[in-house]
Amino acid sequence: MTPDEAIAEQLRLAPSVVAETPADFAPRIAAGLDVAYLGDTGRLVAAVACVDIESGQVIDSALVTGTTDFPYVPGLFAYRELPSLIQALAAVTTTPDVLVCDGHGLAHPRRFGLACHLGVTTGIPTIGVGKNSMGDHEPPARQRGSWTALIDGTDEVGRALRTQDGVKPIFVSVGHRIDLDTATALVLRLSRKYRQPETTRAADQLCRQALKVAESHPTEREQRL
DNA sequence: GCGACAG
DNA sequence: ATCTTGTCGC
């Protein structure tokens with residue numbers, strides 16, 4: 001698929017995002033998803049970490065190695081990462097109640113970031129969490145839990161959320177089947193001690209760990225060179 | 001036209 | 001994302 005085709009697909013899928021929380025939503029397990037890359041080889045590692053929301057402990061996880069041919073294009077992360085993330089999700093034995101993804105949801109130029117794509121594809125309530133924003137926002141108050149609106153044009157596409165006192169905010173947006181208030185509250189709850197939620201931290205750690213293993217495991221073709 | 005631009 | 005040591009602070 002070309003970038004132009006990907007953009008067309010995003011525009012086609014964007015209307016299927018549901019920004020409302022199911023009536024029976026009472027999440028017990030949140031899954032964090034992340035990807036790490038091996039240089040510019042196109043090889044990557046995708047991780048899913050299932051976290052018990054109440055205790056904050058990792059109860060299950062999965063790792064997958066894969067490759068990508070799609071280039072890095074801001075706004076088109078899904079076409080780089082989604083296939084591997086779906087595989088990692090399939091490899092986990094636990095069924096998460098909500099996904100917390102590395103990257104924005106509705107806080108996206110076409111209102112269809114990675115978190116929306118992941119949510120619409122899986123049907124699971126999904127939240128987008130980014131470390132950087134594209135939209136405008138006022139800095140939230142210094143205290144943990146304070147937030148300001150994240151604006152793109154005239155739309156409120158997400159929130160700049162302060163997860164720890166005096167720490168740089170993270171950016172929360174709706175992925176699918178959740179509302180912004182619920183998403184914000186859950187991300188804050190998952191961010192117990194650090195800037196990022198435990199879900200993201202756990203998935204990130206798994207990826208880095210796996211990267212080291214992969215580096216010591218050259219591909220067959222690389223061995224012949 | 002030019003720069004900026006989630007991971 | 002990734003390349004990278006020490007260092008300032010709670």
Side-chain angles (χ1 to χ4, degrees), chain A residues 3-4 6-7 10 13-14 17 32-49 63-86 88 99-120 126-137 142-144 150-153 155-161 163-176 180 183 187 192-197 199-216:
Chain A
D4 280 346
I7 288 173
Q10 288 182 330
L13 293 176
V17 171
L33 301 94
D34 194 18
V35 171
Y37 298 91
L38 287 80
D40 52 12
T41 61
R43 298 174 66 199
L44 56 80
V45 178
V48 172
L63 273 165
V64 159
T65 61
T67 58
T68 312
D69 44 16
F70 204 91
Y72 165 75
V73 179
L76 300 179
F77 287 158
Y79 298 87
R80 254 171 98 69
E81 304 191 346
L82 195 62
S84 297
L85 288 175
I86 295 293
L99 307 180
V100 179
C101 125
D102 244 25
H104 298 305
L106 290 180
H108 176 275
R110 289 168 292 281
R111 306 292 179 266
F112 200 71
L114 176 60
C116 296
H117 211 138
L118 192 60
V120 166
T126 303
I127 301 170
V129 175
K131 294 179 284 294
N132 298 291
S133 78
M134 301 173 93
D136 305 322
H137 64 90
R142 187 183 183 289
Q143 296 80 11
R144 163 181 160 88
L150 182 60
I151 303 294
D152 184 15
D155 299 340
E156 176 177 347
V157 296
R159 286 176 183 165
L161 173 66
T163 53
Q164 303 297 335
D165 291 359
V167 167
K168 180 185 175 185
I170 60 177
F171 302 91
V172 179
S173 61
V174 168
H176 186 51
L180 193 49
V187 168
R192 303 194 152 207
K193 193 175 187 315
Y194 302 97
R195 176 178 177 235
Q196 298 210 73
T199 39
T200 302
R201 287 172 44 79
D204 197 83
Q205 273 190 279
L206 286 169
C207 283
R208 293 177 192 269
Q209 166 64 39
L211 264 194
K212 294 175 185 173
V213 177
E215 281 165 352
S216 64

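Numbered from 1 within each chain, the chains take letters A, B, ... in sequence-line order. Given the structure is predicted, the values throughout are model-derived calculations rather than measurements.
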request  = With heavy atoms under 4.0 Å as the rule, sort A:Gly113 into base, sugar-phosphate or nothing.
outcome  = base
inquiry  = Can you give me the first and the last nucleotide of DNA chain B (5' to 3') that has an atom within less than 4.0 angstrom of a non-hydrogen atom in chain A?
reply    = B:dA6 to B:dG7
query = Rounded to whole angstroms, how far apart are CG on A:Leu211 and P on C:dT2?
reply = 6 Å
A:Asp102 CG to C:dA1 P, straight-line distance once rounded to whole Å = 7 Å
query = How is A:Ala107 classified with respect to the nucleic acid when contacts are heavy atoms under 4.0 Å: base, sugar-phosphate, or nothing?
reply = nothing
inquiry  = What's A:Gly75 touching, base or sugar-phosphate or nothing? Going by heavy atoms closer than 4.0 Å.
reply    = base
task = Run through A:His108, A:His104, A:Arg111 and flag the one making a side chain to side chain donor-acceptor pair (under 3.5 Å) with A:Asp152.
result = A:Arg111
key: Interatomic distance where NZ belongs to A:Lys193 and P belongs to C:dC10 [whole Å]   = 14 Å
message = Applying a 4.0 Å non-hydrogen cut-off, can you work out what A:Leu44 is touching in the nucleic acid: base, sugar-phosphate, or nothing?
response = nothing
key: Which atom of A:Arg192 lies closest to which atom of A:Arg144, heavy atoms considered   = O-NH1, 4.5 Å
message = Testing the basics here: between A:Phe70 and A:Tyr79, what is the closest heavy-atom pair and its distance to 0.1 Å?
response = CB-O, 3.3 Å
inquiry  = Test side-chain contact (heavy atoms from CB on, under 4.5 Å) on A:Leu44 and A:Arg80; report intermediate values, then the result.
reply    = CA-CA 10 Å; A:Leu44 56 80; A:Arg80 254 171 98 69; over 6 Å; no
query = A:Arg80 has an atom CZ; how far is it from atom P of C:dA1, in whole Å?
reply = 12 Å
message = Please report the interatomic distance CD1(A:Ile86) to NE2(A:His117), rounded to the nearest 0.5 Å.
response = 8.5 Å
query = Please walk me through it: do A:Glu81 and A:Leu114 pass side-chain contact (heavy atoms from CB on, under 4.5 Å)?
reply = CA-CA 8 Å; A:Glu81 304 191 346; A:Leu114 176 60; 3.5 Å; yes
query = Which is true for A:Tyr72 with a 4.0 Å heavy-atom rule: it touches a base, it touches only sugar-phosphate, or it touches nothing?
reply = base
